[in-house]
Protein chains: 2
Amino acid sequence: MSSHRSLCPINLALEIIGDRWSLLIVRDLAFADKRHFRELLQSEEGISSNILAERLARLVEAGILSKSDDPTHKQKAIYSLTQMGIELLPVLAQIGIWGRKHLPVTKESGAPAAKLEKGGPALWKQLQAELGKTHLPAGETKAQSARRPAG
Amino acid sequence: MSSHRSLCPINLALEIIGDRWSLLIVRDLAFADKRHFRELLQSEEGISSNILAERLARLVEAGILSKSDDPTHKQKAIYSLTQMGIELLPVLAQIGIWGRKHLPVTKESGAPAAKLEKGGPALWKQLQAELGKTHLPAGETKAQSARRPAG
DNA sequence: ATGACCGCTTGTATATTGCAACCAGTTGCA
DNA sequence: TGCAACTGGTTGCAATATACAAGCGGTCAT
């Protein structure tokens, strides 16, 4: 996918995460603490294994996730959010807030989104910092924001 | 679309806007002031007419857009954002901010997103208020909307 | 050694998308 | 009146993506 439909940042983002599964995978990594293939396969929405495999590969290639070996099991892979992935949290939050407000969400299913709305950006940053600790290689913090206004 | 994969607000939202075109249509309505089919067809990304037609119908049915007659032309339809659609602006903003930061955006193509980031939620609310004036039926504000007083 | 578990892959059927051509009605202009 | 340009879409077809179920070689604890 090296040719883009346009260079609009919204379009470029949608070319990666513009489907019905990618953000749910990020959600499960960020909020449900799922790190293994078989865990992610148990998503509430019932993703198929081939779709999950393809999306994980895509998200890794895009730089949103990273894949590493689990030292306790030679066949297990650990999927982690990268800094780029962690920074999708405000996107997830706004989508959740919008969905809770306008779509047929039950009280329980909307509770996490309600929390995100009440806490606001301050809470999001706090959550991002925690995700950094559990997902990023030791030593890397969210401080290193490398801008890339390339052309 | 009456059966949902889950009641998670993020999932419910993605069932509607989780594709590569829907949010671009909302973007063009919100930022490029495109209101007619043929205008939207000229999107920078080159959407096909059948896809555009299907998405417009879907977004109208979902309550994100509304469709009305253009008094100046019997065949023209005017597409407008509803309050629900206007409230997608923070979602668009966060996606744009994320895309500008992490994807190969040029300085020009990233300028609107940069503005949205710099202005922050205060700017978004201001933009939403302006969209309300041009897209919502007269009298309806961003607060709870009742039916128009009289015709 | 054996059965559960690991991240996938492989069919196969169906749904979605992309592309180009086309349509009937409307409008402005001559 | 005639006609070209324009209106919001449809239609047919090929390519691609998705869903579902089954299976695969290897690993691990017992």
Side-chain angles (χ1 to χ4, degrees), chain A residues 1-6 11 14-25 28-29 32-62 65-81, chain B residues 1-6 11 14-26 28-29 32-62 64-81:
Chain A
M1 182 98 69
S2 51
S3 79
H4 300 294
R5 302 184 298 186
S6 86
N11 171 63
L14 290 177
E15 285 183 2
I16 299 176
I17 56 163
D19 68 274
R20 278 191 291 295
W21 289 113
S22 296
L23 285 182
L24 293 182
I25 294 171
D28 282 351
L29 275 153
D33 201 37
K34 300 184 178 179
R35 305 294 291 268
H36 302 295
F37 190 92
R38 285 289 226 270
E39 288 175 336
L40 291 162
L41 198 56
Q42 310 295 327
S43 75
E44 203 183 345
E45 291 81 15
I47 191 172
S48 306
S49 58
N50 54 349
I51 303 292
L52 176 58
E54 201 249 350
R55 286 301 186 284
L56 285 172
R58 228 167 126 160
L59 292 172
V60 167
E61 197 197 346
L65 305 184
S66 68
K67 183 181 177 179
S68 58
D69 294 337
D70 186 331
T72 74
H73 191 306
K74 286 192 177 173
Q75 271 187 326
K76 267 188 175 173
I78 301 179
Y79 289 96
S80 305
L81 293 167
Chain B
M1 187 127 49
S2 48
S3 79
H4 302 292
R5 301 183 298 185
S6 84
N11 172 64
L14 290 177
E15 286 184 2
I16 299 176
I17 57 163
D19 69 274
R20 279 190 284 299
W21 290 112
S22 296
L23 285 182
L24 293 182
I25 295 172
V26 174
D28 282 351
L29 276 153
D33 202 37
K34 300 183 177 178
R35 305 294 291 268
H36 304 296
F37 189 93
R38 284 297 224 269
E39 289 176 335
L40 292 162
L41 199 55
Q42 311 295 328
S43 75
E44 202 184 344
E45 291 81 15
I47 190 172
S48 305
S49 58
N50 54 347
I51 303 290
L52 176 59
E54 201 249 350
R55 286 301 186 284
L56 286 172
R58 228 166 124 160
L59 291 172
V60 167
E61 198 198 345
I64 291 172
L65 306 184
S66 68
K67 182 181 178 179
S68 59
D69 294 338
D70 186 330
T72 74
H73 192 305
K74 287 190 179 175
Q75 272 189 324
K76 268 188 174 174
I78 301 178
Y79 289 96
S80 305
L81 293 167

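The chains referred to below are lettered A, B, ... by the order of the sequence lines, with proteins before strands, and numbering in each begins at 1.
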More 5' along DNA chain C: D19(B) or H36(A), using each one's nearest nucleotide?
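Between the two, 5'-proximity favours H36(A).
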Tell me what R5(A) touches on the nucleic acid: a base, only sugar-phosphate, or nothing, going by heavy atoms under 4.0 Å.
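R5(A): no heavy atom of the nucleic acid under 4.0 Å.
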Using a 4.0 Å heavy-atom cut-off across all strands, classify D70(B) as base, sugar-phosphate, or nothing.
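D70(B): no heavy atom of the nucleic acid under 4.0 Å.
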Does [N] have OP1 or OP2 under 4.0 Å away from a side-chain N or O of [X]?
{"X": "W21(B)", "N": "dG18(C)", "result": "yes"}
{"X": "K74(A)", "N": "dA29(D)", "result": "no"}
{"X": "R20(A)", "N": "dA17(D)", "result": "no"}
{"X": "R38(A)", "N": "dC8(C)", "result": "no"}

N11(A) and S6(A) side chains, donor-acceptor separation under 3.5 Å
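A pair is found: one side chain offers a donor N or O, the other an acceptor, under 3.5 Å apart.
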May I have the distance from [X] (atom [atom1]) to [N] (atom [atom2]), rounded to whole angstrom?
{"X": "L41(A)", "N": "dA19(D)", "atom1": "CG", "atom2": "P", "answer": "13 Å"}
{"X": "D69(A)", "N": "dC28(D)", "atom1": "CG", "atom2": "C1'", "answer": "16 Å"}
{"X": "I47(A)", "N": "dG7(C)", "atom1": "CD1", "atom2": "P", "answer": "14 Å"}
{"X": "K34(B)", "N": "dT7(D)", "atom1": "NZ", "atom2": "P", "answer": "14 Å"}
{"X": "E39(B)", "N": "dT7(D)", "atom1": "CD", "atom2": "P", "answer": "9 Å"}
{"X": "I78(B)", "N": "dG9(D)", "atom1": "CD1", "atom2": "P", "answer": "13 Å"}
{"X": "E45(B)", "N": "dT17(C)", "atom1": "CD", "atom2": "C1'", "answer": "16 Å"}
{"X": "L56(A)", "N": "dC8(C)", "atom1": "CG", "atom2": "P", "answer": "7 Å"}

Is there a side-chain contact between [X] and [Y] in this structure, where contact means two heavy atoms from C-beta onward sitting under 4.5 Å apart?
{"X": "R20(A)", "Y": "R5(B)", "result": "yes"}
{"X": "I16(B)", "Y": "I64(B)", "result": "yes"}
{"X": "I25(A)", "Y": "L29(A)", "result": "yes"}

So which nucleotide from [options] ends up closest to the side chain of [X]?
{"X": "N50(A)", "options": "dG8(D), dG18(C), dT10(C)", "value": "dT10(C)"}
{"X": "E54(B)", "options": "dC8(C), dC19(C), dT17(C)", "value": "dT17(C)"}
{"X": "K76(A)", "options": "dC6(C), dG9(D), dC8(C)", "value": "dC6(C)"}
{"X": "Q75(B)", "options": "dG25(C), dG7(C), dT9(C)", "value": "dG25(C)"}

Tell me if a side-chain donor or acceptor on H36(A) pairs with a main-chain N or O of Y79(A) at a distance below 3.5 Å.
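Such a contact is absent between H36(A) side chain and Y79(A) backbone.
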Report yes or no: does D70(A) contribute a side-chain atom to a donor-acceptor pair with the main-chain N or O of T72(A) at less than 3.5 Å?
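Yes.
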Any donor-acceptor pair under 3.5 Å joining the side chain of S48(B) to the base of dT17(C)?
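Side chain to base: no pair below 3.5 Å.
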Assuming nearest nucleotide by heavy-atom distance, tell me which of H73(A) and R55(A) is located more 5' along DNA chain D.
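It is R55(A) whose nearest nucleotide is closer to the 5' end.
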Identify, between G46(A) and A77(B), the residue whose nearest nucleotide on DNA chain D lies closer to the 5' end.
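Looking at the nearest nucleotide for each, A77(B) comes out on the 5' side.
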